[in-house]
Amino acid sequence: MSFSSLGLPQSLQKALQNQKYTDAYPIQKEAIPAILKKKDVLGIAQTGSGKTASYVLPVLTNLQGGRISKNRHIKTLVLVPTRELALQVFEVFQQFSQALSEPVKCLAVHGGVSINPQMKAMQNVNVLIATPGRLLELEDSNAVHLSEIECLVLDEADKMLNMGFADEMNRIFALLPKKRQNLLFSATLSKNVDDVKQVLLKDPLIIKIEAKVDSIDLIDQIAYSIAEEKKGPFLRQLIRQNNLKQVLVFTSSAHRADAVAYKLSKNGIQATSTHSKKSQGARTENLRKFKTGKLRVLVATDLLTRGIDIEFLPYVVNYDLPRSPNDYIHRIGRTGRAESPGEAIAFVTANDEHHFRVIQKKMGKRVKLIDTKDIDIKG
Ligand code: AMP
């Protein structure tokens, strides 16, 4: 279905064409008309389903012709769990806002960077994309007022609740006016999300987009049974022999991410690590370099599993398997996005074998497991 019948202004339809968005994704087809009618929406959809545009486009449209926000009273608040997601959502808002006859002023705020520039930039902001902690700091300093919010978006709500933001979110909800539109997006409908849904949404349109099995089918998955101490040399061999570029490697901890990146670099393979212990500046810069193909290997913790969209990412390596099968699906979902194929490689130690069977069962797909015992690993 094309975007032309969804009620969006011509300027946005043109911008969509320029972005090569020819057909609306299922979530967009359902969410856009409902949000334009100011209905509450609960979207159960994964990253990769097109959920960001499904709210960005109608939210921007609804702000057209309205009063300009005055004195730091913002109109739309988008709450997100991570700094990276804040910047990514901001980019989508910016990209479409610039196409409008009345561009909407958008701003992303998150912790880990100085608060003063964010305070200064808040004047006349209409759409604020924020992580909960920094938003409360700004509110405490009177740099932003939430009493005129017309629309609240919770993106990756399950992640926010799992990451222990519930207290901060409750403080924020108490500052919002009662009459407003609520849009809640979550990859799963967990008990936490269900509780929030009861409180926040009035007669919502519920849109459930099944996990994109077809997008998992786009991913070539392969697993190697391997001893722990052979993982490093084997990773280097795989990268070198197959001349892999843009490889996202997941490890189980920040410490391991640093160690893996260090070893790769020491062996002449350009690599760096990213995780919550790195400064925000370094995280943003690493991701930017990686996204633009200027960094060969990015070694990350699960910080990057949810919400981050990297276009045409060809390779994901599960150097360590994640504990939760859902996280495995999210990790490999970094590849095979938007109809482009990808390859996901998993390292499975003897201890992991049972867990890997559980992951495959949950995913509904078997993955070929190759024994590396007979492979001459030179590193
Ligand atoms: P999201 O689920 O919001 O993270 O979006 C996933 C990816 O799909 C992003 O790279 C978008 O640019 C892309 N995308 C979203 N909607 C469309 C569409 N209708 N047509 C083509 N690409 C899209």
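Remember, it's 1-based here, ligands and their atoms both numbered in the order they're listed. Every value quoted in this text rests on a predicted model; they were computed, and no experiment measured them.
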Asp302 bridged to Arg331 by N-O distance under 4.0 Å: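 Yes, Asp302 and Arg331 are salt-bridged.
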Under a 4.0 Å N-O cut-off, is there an ion pair linking Arg283 with Glu84?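 Result for this pair is yes, salt bridge flagged.
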For the residue pair Tyr55 and Phe93, categorise the inter-ring angle as parallel (less than 30°), tilted (30 to 60°) or perpendicular (more than 60°).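 Ring orientation of Tyr55 relative to Phe93: tilted.
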Would you please classify the geometry between the Tyr224 ring and the Phe347 ring as parallel, tilted or perpendicular, with 30° and 60° separating the classes?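 If you compare the ring of Phe347 with that of Tyr224, the planes turn out perpendicular.
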Would one find an N or O of [X], backbone or side chain, under 3.5 Å from an N or O of ligand 1?
X     : answer
Ser49 : yes
Gly50 : yes
Lys20 : no

For ligand 1, is any non-hydrogen atom under 4.0 Å from Gln28's backbone (N, CA, C, O), its side chain (CB onward), both, or neither?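 For Gln28, the contact with ligand 1 is made by the side chain alone.
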If you draw the axis of the six-membered ring of Tyr328, does the NZ or CZ of Lys362 fall within 45° of it and under 6.0 Å from the ring centre?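 Judged by the rule (NZ or CZ under 6.0 Å from the ring centre, within 45° of its axis), Lys362 is not positioned above Tyr328.
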Looking at non-hydrogen atoms alone, which of Tyr55, Phe3, Tyr25, Phe185 comes nearest to atom 17 (C) of ligand 1?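 Looking at heavy atoms only, Tyr25 sits closest to atom 17 (C) of ligand 1.
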For Asp23, counting its heavy atoms only, list the atoms of ligand 1 lying under 4.0 Å from any of them.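 Those atoms are 18 (C), 19 (N), 20 (N).
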Enumerate the atoms of ligand 1 whose separation from the nearest heavy atom of Thr52 is less than 4.0 angstrom.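 Answer, ordered by atom number: 1 (P), 3 (O), 4 (O).
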Classify the side-chain pair Gln95/Gln19 by whether it contains a donor and acceptor separated by less than 3.5 Å.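 Their side chains do contain a donor-acceptor pair, which is all the 3.5 Å distance test asks for.
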